Colleague: 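Dumping the structure here so I can ask a few things about it.
A quick note: this is a predicted structure, and the numbers were derived from the prediction, not measured.
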Amino acid sequence: VVKARRVGNPPYSGGAGSPTLRGSQENPASKEPAVTQPYPRHSTVSRSPLVAALRALALPADHYAVFGSGALLPAGLRDAPGDLDVIARGPAWRRAMGLGELTVPSSCLGRRVALCGGAIEVFDRWPHDRPAGELIDTAVVYDGIRWVSLHEVLVWKRAVGRQKDLDDIRAIERYLRELQQHHLAA
């Protein structure tokens with residue numbers, strides 16, 4: 001098991017495929033220490049064609065994060081999401097705009113660029129109560145990619161309450177409960 005930590009903007013300290021991370025464990029939203037999220041060494045991240053396509057876009061790593069169901073990949077809670085939702089800012093957002101057509105998402109909040117035939121959707125904000133930049137800055141870094149924390153994904157999936165999210169909600173709750181029990185036992 002590899003421990004991934006919430007980070008501000010520290011550099012990724014490992015090479016390709018390496019889960020070694022540096023960073024703070026403080027959760028800025030709660031001001032309490034964040035529980036680290038251990039991810040399996042053999043997560044499906046490195047085998048995912050969607051992740052390979054995301055890497056090929058060459059978005060500046062410190063300026064985007066994967067949100068939605070894709071954020072379940074590092075924990076092994078999803079093997080193959082149908083698409084990747086990405087929030088981006090600054091240089092990553094400008095790069096995405098240069099790669100595809102700018103549209104308005106169905107939420108009518110912000111802007112979206114659909115890439116790779118719509119398999120990767122890049123948003124300049126997320127219909128969430130926290131700003132995109134904050135979600136990016138507090139994301140968990142795994143294998144060189146920022147993934148919005150499972151706690152934030154859970155909050156969002158509960159708020160939208162779609163039928164298709166119910167399995168994800170149960171999986172995240174179970175994972176976080178087991179993680180908390182492991183943390184308390186340690």
Colleague: Do you know which of R170, R78, R158, K157 makes salt bridge (charged side-chain N to carboxylate O under 4.0 Å, His left out) with D165?
Modeller: K157
Colleague: Give a yes or no on whether a salt bridge exists between D143 and R55, defined as a side-chain N under 4.0 angstrom from a carboxylate O.
Modeller: yes
Colleague: For the residue pair W126 and F67, is the inter-centroid distance of their aromatic rings smaller than 6.0 Å?
Modeller: yes
Colleague: Looking only at heavy atoms, what is the nearest atom pair of P81 and G70, with distance?
Modeller: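 Closest heavy-atom pair between P81 and G70: CG-CA, 4.0 Å.
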Colleague: To the nearest 0.5 Å, what is the distance between CG on L115 and CG on D83?
Modeller: 12.0 Å
Colleague: Which heavy atom of A119 sits nearest to which heavy atom of L50, and what is that distance?
Modeller: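 Between these two residues, the closest heavy atoms are CB-CD2, 3.6 Å.
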Colleague: Please examine the side chains of D137 and R89, heavy atoms only from C-beta on, and report whether any two atoms are closer than 4.5 Å.
Modeller: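 Side chain of R89 against side chain of D137, heavy atoms only: contact under 4.5 Å found.
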Colleague: Using every non-hydrogen atom in the two residues, find where I172 and L150 come nearest and quote the distance to one decimal.
Modeller: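 Of all heavy-atom pairs spanning I172 and L150, the closest is CG2-O, 3.8 Å.
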Colleague: If you round to the nearest 0.5 Å, how far is CE of M97 from CG of L99?
Modeller: 10.5 Å
Colleague: Is there a chain of hydrophobic side chains (I, L, V, M, F, W, Y, each step under 4.5 Å between heavy atoms) that links V155 to I136?
Modeller: no
Colleague: Taking I145 as the fixed residue, which of L84, V51, L59 is the one that meets the side chain to side chain contact (heavy atoms under 4.5 Å, CB included) rule?
Modeller: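 For I145, the side chain to side chain contact (heavy atoms under 4.5 Å, CB included) check succeeds only for V51.
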Colleague: Which atom pair, heavy atoms only, marks the closest approach of R95 to L57?
Modeller: NE-O, 2.8 Å
Colleague: Locate the shortest heavy-atom distance separating V86 from Y64; write the atom from each residue and the value.
Modeller: CG1-CD1, 3.6 Å
Colleague: Over all heavy atoms of both residues, which pair between H63 and A92 is shortest? Give the atoms and the distance, please.
Modeller: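 Heavy atoms of H63 and A92 come nearest at O-CB, 3.3 Å.
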Colleague: Strictly distance-based, threshold 3.5 Å: is any side-chain N or O of W147 a donor or acceptor partner for the main-chain N or O of Y142?
Modeller: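 Side chain of W147 to backbone of Y142: a pair is present.
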